[in-house]
Amino acid sequence: MEEFLQDLNESQQQAVLYNEGPSLVIAGAGSGKTRVLTYKIAFLLESGYAPYNILALTFTNKAAREMKERIASIVGGPTAARLWMGTFHSIFSRILRVNADRLGFTSDFTIYDTSDSRSLLKSIIKEKDLDDKIYKPASVQAIISNAKNALITPQAYQVNKDLVESDERAKRPLIKDIYQTYWNRCQKAGVMDFDDLLLYTNILFRDHPDVLERYRQIFRFILVDEYQDTNFAQHLIIHQLSKGHNHICVVGDDAQSIYSFRGANISNILNLKSDYPGCKTFKLERNYRSTQNIVRAANSLIDKNKEQIRKQVYSENAVGNKIDVLSAYSDFEEGYMVANRVSEMKRLSKYAYNDFVILYRTNAQSRIFEEALRKKNIPYRIYGGLSFYQRKEIKDVIAYFRLAINPHDEEAIKRVINYPARGIGDTTLGKIIECGIHNDVSLWQVIATPLEYTLPVNNGTLNKIQKFKELIEEFIDANNKMNAMDIAELIIRRSGIFTEIYANRSPENLSRQENLQELMNGIQEFCSLRQEEGVEEIALTDFLAEISLATDQDEKEDDDSDKVTMMTIHASKGLEFKNVFVVGLEEDLFPAALSKNSERELEEERRLLYVAITRAEENCALSYAATRYRNGQPTAMPPSRFLKDIDPTYLNMPSELKSKQNVEDSIYSFSSRSLGMYSSSRSSFFKREEPVLPSKKQDLPLKSYSPRLKRLDAVNTSSVSGGSVSITGLDVGARIRHDRFGSGIVTEISGEGDNRKIGVEFEQVGKKQLLLKFAKFTIIK
DNA sequence: GGCCGGGGCATTTTT
DNA sequence: TGCCCCGGCC
């Protein structure tokens with residue numbers, strides 16, 4: 001440990017060593033926050049805490065994975081693996097599964113992602129004959145999500161005057177009913193959405209003190225990363241768990257709180273002291289990332305925010321260049337200026353394309369930079385877009401997986417009841433849904449026993465439904481007997497998806513085939529990882545539990561080619577680049593027009609720019625355009641007010657801005673749904689009488705899975721090599737090249753027909769099993 | 001079921 | 001200006 005401490009500066013050391021009571025570590029940008037967190041955990045382990053007594057929460061899978069790896073390198077893999085480390089959602093979904101019976105769920109509940117819940121809301125709105133122009137699914141979803149994050153159940157919502165009146169004012173009085181219906185439907189279907197995972201955890205702890213007490217005993221030390229991004233539900237879970245021992249350390253930076261629109265509440269960190277009396281604050285103020293000019297410029301900007309914890313972030317790196325402010329006539333020209341600068345800088349210095357990032361406020365801005373870079377032959381990559389698990393073909397397969405585990409899952413049923421086409425169209429589905437609502441049962445119950453619920457369909461349809469039911473039952477049955485890999489295969493084959501997707505070699509199908517292959521590789525990798533950890537039988541449930549909470553946010557590690565990066569500022573949090581371009585610094589774009597309603601949101605926009613600037617290690621440039629195509633129209637754009645917020649000492653201003661003051665001193669109007677709207681019900685949450693949910697007796701042992709699925713490739717490459725057709729010349733000893741795994745030697749061949757697989761010893765990645773049906777590789781000799 | 005065209009729309013998106 | 005969704009049509 002001694003030698004580790006030498007890696008830390010004074011304030012980092014203090015933060016690591018103080019563990020007697022609650023502490024808050026304010027970690028300025030680039031101040032070595034992760035290092036403190038990892039060393040602190042290592043230190044706790046050394047001071048006698050068992051790994052399974054430490055709970056360490058992060059917001060992203062990626063952060064959890066990285067921290068786990070770093071801790072493993074200090075204390076060893078097996079110890080690190082026993083830590084309770086993961087995202088809020090993954091850790092508490094594990095806890096919910098173990099205690100599901102207390103909440104009227106089974107441990108097999110499935111998880112709705114954002115699009116599932118939106119789709120359910122859509123159908124509810126339709127069923128209620130409401131106008132979806134007024135009850136926009138997305139807005140309704142946001143309102144419900146906010147309510148859940150504030151721990152307001154439908155019952156509580158209905159009696160909450162503020163909320164009900166606010167909805168009435170907005171001419172949407174029925175939101176409370178939609179919420180109630182949505183809630184009931186999720187229960188019937190045995191599913192939870194992302195927000196439910198946190199809300200039900202709170203309900204579990206509130207209504208079952210014995211459970212809370214048990215976890216208080218287990219989690220003897222709690223650490224939370226990125227605390228500025230916690231919402232009320234998360235805050236309360238932590239508060240409940242740490243009550244008593246108060247061994248809690250939260251790390252964060254209020255200046256980097258940029259997710260309030262997702263429910264994050266900056267006051268959680270600002271007011272931490274009142275929640276944890278005696279809380280010690282440590283400030284990590286030395287920035288190791290950026291030049292002095294960049295740090296000072298960023299400081300001068302964030303200084304304009306009222307709501308913040310004051311700190312003195314400083315750098316002892318070189319003074320560095322001033323921040324360039326680039327003024328363009330048009331968005332078009334802005335693209336060219338940036339592209340030109342990239343090539344100039346690359347030519348004049350030793351920079352690689354990887355050293356550059358273009359950060360924008362909205363995804364729509366990327367186009368123009370793409371064009372400009374392409375014209376100059378500058379390679380680039382764009383982050384954001386459809387994640388792997390959101391691709392249609394993947395969602396389809398996963399819907400079947402979900403049904404094998406939880407056939408009541410409504411959205412999964414809707415998705416695949418007629419995919420591949422089996423003659424159960426919208427009309428029939430509509431009847432099934434109606435019948436389910438009428439009898440207060442799940443769709444699956446109607447499908448399983450249509451006669452019992454007098455489903456009004458003809459015999460032909462009844463037959464088709466029967467077939468579908470048998471199919472799903474086959475999967476359920478198989479799921480009880482087979483491991484993840486085998487059942488995944490079975491599902492893909494028996495559902496008809498295989499036939500569908502491998503029917504022809506159209507480009508779309510080829511891409512689907514690749515994605516399907518990728519999914520199988522993902523399961524494969526998941527299984528082999530788990531096997532390495534000594535788990536023999538890997539159930540599909542475990543895989544599903546993992547990927548339901550996986551997003552594709554992780555960066556593309558296997559693409560190490562030299563490219564300029566483009567992404568939104570939000571996506572850039574936590575990353576660093578030598579050279580940063582922050583583009584589109586214009587009023588109504590950055591700050592966004594909608595954020596000008598309130599000072600709060602404006603401050604968040606300012607923090608967003610702070611985050612953007614502090615990504616830079618060596619150079620930073622801010623650009624704006626005087627005109628920009630917006631909604632088809634060329635629009636005059638005044639420069640962003642934020643340009644005035646930065647101390648000009650650290651800027652190279654264009655002469656134009658120096659002379660005339662066209663940054664308007666605008667009058668903002670404050671309005672509408674302020675952040676306080678949910679506050680009235682919050683504090684009383686733990687006292688409120690809630691209808692106790694019916695409980696079912698079912699107890700499952702805690703499954704010990706460690707979430708770490710290696711990232712799947714989300715990018716469509718167009719290379720295709722047919723391994724699925726002919727396998728002549730493929731024998732033990734043959735040398736093959738695989739798209740992903742590189743080259744290797746075939747060491748064994750096994751299985752028959754569709755099950756035929758080969759074992760390959762790859763040079764880079766070691767031994768892998770490949771299903772011939774799916775594997776794409778070429779035989780080299 | 002798939003294709004086409006019109007209309008509405010257009011912040012950010014850790015799980 | 002583009003994109004996405006829906007409705008109408010084959």
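By convention in this document, chain letters (A, B, ...) are assigned in the order of the sequence lines, proteins followed by strands, and residues within each chain are numbered from 1.
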Colleague: Is any side-chain N of the basic residue among A/Glu226 and A/Lys33 closer than 4.0 Å to the acidic one's carboxylate O?
Modeller: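 Salt bridge flag = yes for A/Lys33 with A/Glu226.
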Colleague: Which part of the nucleic acid does A/Asn418 contact within heavy-atom distance under 4.0 Å: base, sugar-phosphate only, or nothing?
Modeller: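 Touches sugar-phosphate only.
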Colleague: Using whole Å, report how far CE of A/Met567 lies from P of B/dT13.
Modeller: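 Value for this atom pair: 11 Å.
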Colleague: Should the pair A/Asp331-A/Arg630 be classified as a salt bridge under the 4.0 Å nitrogen-to-oxygen rule?
Modeller: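 Result for this pair is no, no salt bridge flagged.
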Colleague: Could you check how far NZ of A/Lys596 sits from C1' of B/dT11, rounded to whole Å?
Modeller: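 Whole-Å distance recorded here is 14 Å.
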Colleague: With a 4.0 Å cut-off on heavy atoms, is A/Leu594 in touch with a base, just the backbone sugar-phosphate, or nothing at all?
Modeller: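 Here A/Leu594 touches the bases of the nucleic acid.
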Colleague: Does the distance from a Lys or Arg side-chain N to an Asp or Glu carboxylate O, for A/Glu601 and A/Lys596, drop under 4.0 Å?
Modeller: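 No.
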Colleague: Does A/Asp116 pair with A/Lys414 as a salt bridge, N-O distance under 4.0 Å?
Modeller: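 Result for this pair is no, no salt bridge flagged.
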Colleague: Counting side-chain heavy atoms from CB outward, which of B/dT11, B/dC9, B/dA10 is closest to A/Asn631?
Modeller: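 Ranking B/dT11, B/dC9, B/dA10 by closest atom to the A/Asn631 side chain puts B/dA10 first.
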Colleague: Looking at every strand, decide which applies to A/Ala421 at a 4.0 Å heavy-atom threshold: base, sugar-phosphate, or nothing.
Modeller: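 Since only primed, P, OP1 and OP2 atoms lie under 4.0 Å of A/Ala421, the category is sugar-phosphate.
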Colleague: Going 5' to 3' along DNA chain C, between which two nucleotides do contacts with chain A fall, using a heavy-atom cut-off of 4.0 Å?
Modeller: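 The contact span of chain A on DNA chain C goes from C/dT1 to C/dC6.
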Colleague: Tell me the interatomic distance from A/Tyr383, atom OH, to B/dT14, atom P, rounded to whole angstroms.
Modeller: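 Roughly 14 Å, once rounded to whole Å.
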Colleague: In whole angstrom, what separates A/Ile258's CD1 from B/dT14's C1'?
Modeller: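 About 10 Å, once rounded to whole Å.
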Colleague: CD1 of A/Ile569 versus P of B/dT12: gap in Å, rounded?
Modeller: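 The distance from CD1 of A/Ile569 to P of B/dT12 comes to 11 Å, rounded to the nearest Å.
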Colleague: May I have the distance from A/Lys62 (atom NZ) to B/dT14 (atom P), rounded to whole angstrom?
Modeller: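 To the nearest whole Å, that distance equals 11 Å.
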Colleague: Can you measure A/Gln141 atom CD to B/dT13 atom C1' for me and round it to whole angstrom units?
Modeller: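 In whole Å, B/dT13 C1' and A/Gln141 CD are 11 Å from each other.
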Colleague: Using the P atom as the reference point in each nucleotide, state the distance between C/dC5 and B/dT12 in Å, no decimals.
Modeller: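 C/dC5 and B/dT12 have their P atoms separated by 15 Å.
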Colleague: Tell me if the aromatic rings of A/Tyr200 and A/Trp183 count as close, with their centers under 6.0 Å from one another.
Modeller: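 Under 6.0 Å, so yes.
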Colleague: If you look at every strand shown and take non-hydrogen atoms under 4.0 Å, does A/Glu226 touch a base, only sugar-phosphate, or nothing?
Modeller: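 Here A/Glu226 touches no strand at all.
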Colleague: Have a look at B/dT11 and give me syn or anti from its glycosidic angle (syn if within 90° of zero).
Modeller: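 Syn, since the glycosidic angle lies within 90° of 0.
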Colleague: Does A/Arg630 reach a base, just sugar-phosphate, or nothing at all? Heavy atoms under 4.0 Å.
Modeller: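 The answer is nothing, as A/Arg630 stays clear of every strand by at least 4.0 Å.
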Colleague: Under 6.0 Å between ring centres: does that hold for A/Phe261 and A/His570?
Modeller: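 A/Phe261 vs A/His570: aromatic centres under 6.0 Å.
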Colleague: Could you check how far CD of A/Gln228 sits from P of B/dT12, rounded to whole Å?
Modeller: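 It is 21 Å, rounded to the nearest whole Å.
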Colleague: Are the charged groups of A/Asp193 and A/Lys148 less than 4.0 angstrom apart, N to O?
Modeller: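 A salt bridge is present here (some side-chain N lies under 4.0 Å from a carboxylate O).
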Colleague: Is it the case that the base of B/dT14 and the side chain of A/Arg262 share a donor-acceptor contact (distance under 3.5 Å, atom types as modelled)?
Modeller: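 No.
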Colleague: By nearest atom, which of the nucleotides B/dT12, B/dT11, B/dC9 is closest to the A/Lys133 side chain?
Modeller: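 Per side-chain heavy atoms of A/Lys133, the pick is B/dC9.
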Colleague: With sequence neighbours left out, write down each residue that passes side-chain contact (heavy atoms from CB on, under 4.5 Å) with A/Lys392, or none if nothing qualifies.
Modeller: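 Scan of A/Lys392 (side-chain contact (heavy atoms from CB on, under 4.5 Å), adjacent residues dropped) gives A/Asp396, A/Arg415, A/Tyr419.
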Colleague: With DNA chain B as reference, determine whether A/Asp195 or A/Glu604 sits nearer its 5' end, using the nearest nucleotide of each.
Modeller: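 By nearest-heavy-atom nucleotide position, the 5'-most residue is A/Glu604.
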Colleague: Give A/Thr114 one of three labels, base, sugar-phosphate or nothing, depending on what nucleic acid heavy atoms sit under 4.0 Å from its own.
Modeller: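 The residue A/Thr114 makes base contact.
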Colleague: Out of B/dT12, B/dC9, B/dT14, which has the shortest distance to the side chain of A/Asn363?
Modeller: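 Of B/dT12, B/dC9, B/dT14, B/dT12 is nearest to the side chain of A/Asn363.
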Colleague: Choosing from B/dT14, B/dC9, B/dT11, which nucleotide comes nearest the side chain of A/Ala264?
Modeller: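 Of the options given, the side chain of A/Ala264 lies nearest B/dT14.
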Colleague: Under the 3.5 Å rule, do the base of B/dT12 and the side chain of A/Arg361 count as making a donor-acceptor pair?
Modeller: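 Pair found.
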Colleague: Short question: side chain of A/Asn305, backbone of A/Gln308 - any donor-acceptor pair under 3.5 Å?
Modeller: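 Side chain of A/Asn305 to backbone of A/Gln308, a donor-acceptor pair under 3.5 Å: no, none is there.
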Colleague: Is the shortest side-chain N/O distance from A/Thr568 to OP1 or OP2 of B/dT13 below 4.0 Å?
Modeller: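 Affirmative; the distance criterion is met.
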